[in-house]
Amino acid sequence: MGKSASKQFSRDLVREHNVFRKKHGSSPLGLSGKLCREAQSYAESLAHTRILKHSSESERGKCGENLAWASYDQPAKEVAERWYGEIKNYNFNQPGFTSGSGHFTAMVWKGSTKLGVGKAQAGDGSSFVVARYFPAGNVVNSGCFEQNVLPPIAS
């Protein structure tokens with residue numbers, strides 16, 4: 001299965017999240033050891049099957065999930081920038097979930113407080129990253145996106 005997420009990768013990914021979250025008025029995420037263990041276990045499973053698919057809701061409990069795959073060992077900054085880049089697909093004038101912006105909205109979701117990170121390398125050198133968010137974002141109940149995905153603050 002290959003290498004697992006280093007503590008440094010996890011710290012780097014939470015730091016990158018928090019840089020982007022600050023732009024949207026969201027509090028910093030804390031790194032959760034329990035969520036990291038669960039995310040790591042799932043990343044290793046993905047690396048073993050080499051199929052990128054979300055875990056079932058029963059597997060991840062009340063957590064949200066972002067996934068990333070690359071044919072190489074992807075650095076945390078690149079993963080975060082790729083997810084955050086979906087901001088271009090999000091319409092702050094018509095808030096809500098869209099498949100083209102879900103990674104972005106999960107990252108900046110104001111109500112999420114904890115993050116778990118897992119990363120595993122497959123035998124072919126490709127890498128799988130799993131981010132678990134608690135509590136989960138992207139809740140489609142009325143008003144949730146308006147309250148949790150705020151436009152960037154002008155600096």
Side-chain angles (χ1 to χ4, degrees), residues 1-87 89-90 97 99 101-122 125-141 144-145 147-153 155:
M1 260 185 262
K3 297 186 284 184
S4 65
S6 69
K7 286 189 164 110
Q8 187 62 52
F9 180 87
S10 298
R11 284 192 298 265
D12 290 349
L13 192 59
V14 76
R15 184 187 68 241
E16 294 298 327
H17 271 73
N18 289 336
V19 166
F20 290 126
R21 288 174 65 81
K22 187 176 183 179
K23 291 181 181 183
H24 294 270
S26 296
S27 300
L29 293 171
L31 207 51
S32 161
K34 177 183 184 289
L35 293 181
C36 283
R37 288 187 296 278
E38 292 170 0
Q40 183 60 40
S41 175
Y42 193 61
E44 289 171 8
S45 166
L46 293 174
H48 179 73
T49 62
R50 292 196 315 229
I51 297 171
L52 187 68
K53 72 173 194 170
H54 281 286
S55 60
S56 67
E57 285 189 35
S58 61
E59 287 176 292
R60 66 179 178 269
K62 297 188 183 308
C63 292
E65 184 175 78
N66 274 353
L67 304 177
W69 172 88
S71 60
Y72 51 88
D73 186 16
Q74 46 195 336
K77 185 173 178 69
E78 180 184 312
V79 171
E81 287 174 348
R82 198 162 63 228
W83 287 339
Y84 185 79
E86 291 183 1
I87 188 174
N89 301 323
Y90 191 74
F97 181 78
S99 61
S101 64
H103 295 103
F104 156 70
T105 53
M107 284 182 82
V108 302
W109 193 266
K110 195 170 190 161
S112 295
T113 58
K114 295 179 183 172
L115 179 68
V117 177
K119 179 182 176 187
Q121 201 161 356
S126 62
S127 61
F128 293 82
V129 175
V130 176
R132 295 260 173 100
Y133 303 88
F134 181 84
N138 291 340
V139 177
V140 295
N141 296 346
C144 283
F145 276 82
Q147 296 166 12
N148 288 283
V149 182
L150 306 177
I153 300 164
S155 47

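All values derive from a computational prediction rather than experimental measurement. These values consider heavy atoms only, across backbone and side chains, with no hydrogens, waters or symmetry-generated copies.
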Separation between [atom1] of [X] and [atom2] of [Y], rounded to the nearest 0.5 Å:
X	Y	atom1	atom2	result
C36	K114	SG	NZ	11.5 Å
S10	K119	OG	NZ	9.5 Å
C144	K110	SG	NZ	13.5 Å
S56	Y42	OG	OH	8.0 Å

Does any part of the side chain of [Y], heavy atoms only, come nearer than 4.5 Å to the side chain of [X], both counted from C-beta?
X	Y	result
V108	Y90	no
F104	N89	no
V14	V117	no
L115	L35	no

Any idea which heavy atoms bring [X] and [Y] closest together, and the distance?
X	Y	result
R21	M107	NH1-O, 3.0 Å
H103	N66	O-ND2, 3.2 Å
A47	A120	CB-CB, 3.8 Å
N18	P28	OD1-CA, 3.2 Å
V129	W83	CG1-CH2, 4.2 Å
A136	G64	CB-N, 3.3 Å

Excluding sequence neighbours, so at least two apart, what forms salt bridge (Lys or Arg N to Asp or Glu O under 4.0 Å) with R11?
none

E78: partners by salt bridge (Lys or Arg N to Asp or Glu O under 4.0 Å), with sequence neighbours left out
R82

Could you list the residues that satisfy side chain to side chain donor-acceptor pair (under 3.5 Å) with [X], not counting sequence neighbours?
X	value
R60	S55
T105	N138
K22	none

Which salt bridge (Lys or Arg N to Asp or Glu O under 4.0 Å) pairs, counting each pair once, include a residue from residues 125-141, with sequence neighbours left out?
E65-R132

Is a side-chain donor or acceptor of H48 paired with a backbone partner of E44 at a separation under 3.5 angstrom?
no

With sequence neighbours excluded, residues passing side chain to side chain contact (heavy atoms under 4.5 Å, CB included) with [X]:
X	result
L52	L46, L67, W69, F128
E81	F20, K77
S99	none
D12	Q8, R15, A76

Contact list for residues 23-32, test side-chain hydrogen bond (donor to acceptor under 3.5 Å, both in side chains), sequence neighbours left out:
H24-Y84

Please enumerate all residues that pass ring pair (Phe, Tyr, Trp, His ring centres under 6.0 Å) together with F134, with sequence neighbours excluded.
none

